[in-house]
Number of protein chains: 2
Amino acid sequence: MKPKIEDVAKVAGVSPTTVSRVLNDRGYISGKTKDKVYAAMEEINYVPNDLARSLYNKRSYLIGVIVPSTGNPFFGELVAYIESICDEKGYKVLLCNSLHEADKEKKYWEMLRRNQVDGVIVVTYNRGLVDKEQQFPAVAIDHYLSEHIHVVSSDNFQGGELASRELLETGCKKIIHINGDANLETPANNRQYAYERVMKEAGRTPETYHVVSDAAFLESNIGTIQQLFEEHPDVDGIFASDDLLAIRTLQYAEHLGYKVPEDLKIVGYDGTSLIRSLYPNLTTIIQPIYQIADDAVQTLIQEIDNTSDDRKEKTFPVSLWKGETTGSFT
Amino acid sequence: MKPKIEDVAKVAGVSPTTVSRVLNDRGYISGKTKDKVYAAMEEINYVPNDLARSLYNKRSYLIGVIVPSTGNPFFGELVAYIESICDEKGYKVLLCNSLHEADKEKKYWEMLRRNQVDGVIVVTYNRGLVDKEQQFPAVAIDHYLSEHIHVVSSDNFQGGELASRELLETGCKKIIHINGDANLETPANNRQYAYERVMKEAGRTPETYHVVSDAAFLESNIGTIQQLFEEHPDVDGIFASDDLLAIRTLQYAEHLGYKVPEDLKIVGYDGTSLIRSLYPNLTTIIQPIYQIADDAVQTLIQEIDNTSDDRKEKTFPVSLWKGETTGSFT
DNA sequence: CTGAAAGCGCTTACAG
DNA sequence: CTGAAAGCGCTTACAG
């Protein structure tokens, strides 16, 4: 049997109340008693039961984190940061990989409620999850969920602009955009709007191809990329809405015989540490993942500590990582 | 206030006992009563409190997962699989990123105990964590932890052999091995032993360089790689103990003017979906990540359901992914 | 088929 | 400075 507070009390020759007080450093306790209690805890290898504590305190220090999949490097890094920051602040993370399935998200949401999490950080592209009254504090990353849920994101519009302008400025004549699943309401939508706007302002005709990805965004339909090159062999600039897509496009283009950046320039999106380390040549838009994670956790904890009514919305600027895929090889 | 079982009981006009019975589908209850109870739960938007349940049942359906960092694609994928499989089986995952720090691991281990997890799946390269009596069911991935803890891994020795032989068979004269941190007791050690054995059997002199990595294995000291090429400009085969290392080596080699695979052949290790998708050209050893995850979860749950005394040790075979970095360009 | 009571391990007013 | 008692939300023998 796991030792409980009562066992410690017996060994230390005090009451359970006193043990609890020592544990929580609450009220006045003589140094001697404290020592006795600590010794007793040590002796029987006692560890408090957080379930029982949480039950009484109505505070679990548990935070639910819902992402599509940690298998995708963007979410893998995001979750690693979120967890580390939570740990620093005394919170624990209950991890949920939704795989973009709306019903999984729904089930996870309820699971988190049952487990009395203090709050939730969620990356979801399915609306309408948060029906009814707001259940508990939540922060959405990169997506508007409801009028009660805070959102923290990086500036997707700015990112789209930066990427599009980079291609314009490096002399591309025919710039095409590749985006993810058109049915998903992702932050990438704003990247597309920005692209369209920049194109129009420059007197160009925007054109976007949509690629269907799997849940982890790991594989993506190469068919669409093929189609792009068949329909527009004269393309000389591509803005892909994420780095994996950009790299796949790059590979396919080289396979077709295009030289990058001479014949074709490419800009990706996300700029995770991993991709920057593996493909330092790829020009991309860097999202400040750590800042997003940090702000999401901070905002959530603030909300947990004192529920306020005003929804917060924070947006962090992105930056351009200039690699050789848009470099002018002279 | 969150509704509790008592509130449901009042609305339904029955006792809390009955509500609990309906909830757990236990004992005989008339259809009518059931309906009334369900209706009441629906009406007040009731969700059971799993903390209270777990407290009573001494079963939390919580599993702790400790990995270095989900930011590393290998662990990101592993964790994604583990979590999905756990979810399927009704378990929830408490995520811990140890960042390879022994004292963080220790703290996490205690945190998991406090939270009454039913078991733990751990990837750690620090020994001596599991002192005292075994606290609860645990499965270690890729590493022997104690005589009570199951271990599941892929065949690292076989992987090292496959990689080394591949280089031998593709005609390399001078084959060097790059491994991770020499101070960490990782599964990569066995890859190195296999390399050394194969080299000796072929009458070669094995030579291994050690690279110091950061916690997430994302960055690694390029200095060591530089040194390798300075000391052995005639190297024509490199076996790197993970893919990220392999890719960095590849990049550095190309930067130095080596042509891969003509002048230099490279084999990596891990073969995550991500890397295979991003660098399909890289010859690598594929670890069966899904199988490892699946077996780890299964073994753990089995252990939770009926603690047995015999430690299980399972090893899955790896396979060679033949890319162009060892291809013979003719 | 259904209810009252005790208990899971902890904490916190309330006394002393 | 310390203890006895009630309660967090649930479940399960035990009665009926």
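Residue numbering restarts at 1 for every chain, and letters A, B, ... go by the order of the sequence lines. Not measured: the values here are computed from a predicted model.
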May I ask you to test the B:Asp142-B:Asn156 pair for a side-chain heavy-atom distance under 4.5 Å?
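Yes; the side chains approach each other to less than 4.5 Å.
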
Is any side-chain N of the basic residue among B:Asp87 and A:Lys107 closer than 4.0 Å to the acidic one's carboxylate O?
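Not counted as a salt bridge, because no side-chain N and carboxylate O are separated by less than 4.0 Å.
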
Salt-bridge contact B:Glu6-B:Lys10 (side-chain N to carboxylate O under 4.0 Å):
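Looking at B:Glu6 and B:Lys10, the cut-off is met.
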
Counting only side-chain N and O atoms of [X], is one of them less than 4.0 Å from OP1 or OP2 of [N]?
X       : N      : value
A:Ser20 : C:dT11 : yes
B:Arg26 : D:dT12 : yes
B:Asn24 : D:dT11 : yes
B:Lys58 : C:dG9  : yes
A:Thr18 : D:dG3  : yes
A:Tyr46 : C:dC10 : yes
A:Ser54 : D:dC8  : no

Contact class for A:Asn57 vs. all strands (heavy atom < 4.0 Å): base, sugar-phosphate, or nothing?
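Sugar-phosphate contact only - A:Asn57 comes under 4.0 Å of backbone atoms but never of a base.
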
Nearest-neighbour nucleotide for the B:Tyr56 side chain, D:dT11, C:dT2, D:dC8 considered
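Taking heavy atoms from C-beta onward, the closest nucleotide is D:dT11.
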
Runs of at least three Watson-Crick or G-U pairs with DNA chain C, cut-off 3.5 Å
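The stems that DNA chain C takes part in, listed by first number, are C:1-3 with D:14-16, C:5-12 with D:5-12, C:14-16 with D:1-3.
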
Kindly assign one of parallel, tilted or perpendicular to the pair A:Tyr61 and A:Tyr91, based on the angle between their ring planes and the thresholds 30° and 60°.
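Because their plane-to-plane angle lies in the 30° to 60° range, the rings of A:Tyr61 and A:Tyr91 count as tilted.
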
Within a reach of under 6.0 Å around NZ of B:Lys104, are more than 12 heavy atoms found that belong to other residues, nucleotides or ligands?
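Count over threshold, so yes.
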
